[in-house]
There are 2 protein chains.
Amino acid sequence: MKLDKGLMAGSSTMLVLTLLESGDMYGYQMIEELSRRSNQVFQMQEGTLYPILHTLEKGKYLSSYEQQAPTGRMRKYYKLTRKGRELLGEKKSEWEKFHSGVEAVLSFS
Amino acid sequence: MKLDKGLMAGSSTMLVLTLLESGDMYGYQMIEELSRRSNQVFQMQEGTLYPILHTLEKGKYLSSYEQQAPTGRMRKYYKLTRKGRELLGEKKSEWEKFHSGVEAVLSFS
DNA sequence: ATATTATACCTAGATATTCAAGGTATTGTC
DNA sequence: GACAATACCTTGAATATCTAGGTATAATAT
């Protein structure tokens, strides 16, 4: 992830779900989008992303379908399910809590 | 930690170092202080904290000394070294970067 | 034509971090 | 005298990331 490995733990799933909020995407695209939207802060590795996608799909948080690209290549698209949206809500509120905790400690005087 | 375990990874060291910025502390006290300053968001476990302290001391980021409490009990105080302050600076700037990345992704429209 | 790069998917093993659950010992409280 | 709070510590399981590999197709450069 280019950043301290540890920092990413726990937020990767939220970031992936967030990406899918704006539309279905395939894995490779998510990596590019995440980099773009974060202003190049996040360079998620494939070895990180694909297991996350598989786990989320197994848990019914995502569904997937294959679709042929204009180039002729097959791409595996992922779609947020209702359950996935709920999970995203929980992840976001956990992030809020965590974030506010860190900021409180950092700005303590 | 009470929060998603993963979220903590990577920030615990920064939080511990930050506590010591305001003065020497002993382990048990750090757990209470961290909880207090974070408005009860963080309840660090002893099994998390002590290994962190030992690793930081081994790396010369902290030094320690024993001191008797008014109660008569021995407490092991930790103190930030110059090297520790430098590490804290790096950790803080990494947190800034990470934080800005997450916020950028979350607020993307 | 052929080699290289970019696209697109995947997995196994090493590493790092937290937590649960235990242990030791002293002090204060009921 | 028993129990809770204080204060330190370690081991093993669980979780998450990354490295480094693998497979295959399409586009580009030589």
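Letters A, B, ... are given to chains in the order of the sequence lines, protein chains preceding strands, and every chain is numbered from 1.
In this structure, B/Tyr28 does not reach the D/dC8 phosphate: none of its side-chain N or O atoms is under 4.0 Å from OP1 or OP2. One finds a side-chain N or O of A/His54 lying less than 4.0 angstrom from the OP1 or OP2 phosphate oxygen of C/dT11. Residue A/Tyr50 has a polar side-chain atom (N or O) positioned under 4.0 Å from OP1 or OP2 of C/dC9. Remark: B/Lys5 is not in phosphate contact with C/dA20, judged by side-chain N or O atoms under 4.0 Å from OP1 or OP2.
Under a 4.0 Å N-O distance rule, the pair A/Glu96/A/Lys92 does not qualify as a salt bridge. A salt bridge links B/Arg36 with B/Glu33: the distance from a Lys NZ or Arg NE/NH1/NH2 to an Asp or Glu carboxylate oxygen falls below 4.0 Å.
For A/Ala9, the listed nucleotide lying nearest its side chain is D/dT17; candidates were C/dC9, D/dT17, C/dA8. The A/Gln45 side chain lies nearest to D/dT19 when the options are C/dT18, C/dC9, D/dT19. Listed nucleotides D/dT17, D/dT15, C/dA6 differ in distance to A/Ser12; the shortest reach to its side chain belongs to D/dT17. With distances taken from any side-chain atom of B/Arg75 to the nucleotides C/dT11, D/dT25, D/dC8, the minimum falls on D/dC8.
Sequence order on DNA chain C of the closest nucleotides to A/Pro51 and A/Glu32 puts A/Glu32 first from the 5' end. Mapped onto DNA chain D by nearest heavy atom, B/Thr48 and A/Thr71 fall at different nucleotides, with B/Thr48 at the one closer to the 5' end.
The distance between atom CD of A/Gln67 and atom C1' of D/dT25, rounded to the nearest whole Å, is 18 Å. The CE atom of A/Met8 sits 16 Å away from the P atom of C/dT18 (whole-angstrom rounding).
A cation-pi geometry, defined here as NZ or CZ lying under 6.0 Å from the six-membered ring centre and within 45° of its normal, does not hold between B/Lys76 and B/Tyr26.
Closest approach of A/Ser38 to B/Ala104, counting heavy atoms only: CA-CB, 4.2 Å.
Using a 4.0 Å heavy-atom cutoff across all strands shown, A/Gly6 reaches no nucleic acid atom at all. Counting any heavy atom pair closer than 4.0 Å across all strands shown, B/Glu46 reaches a base atom.
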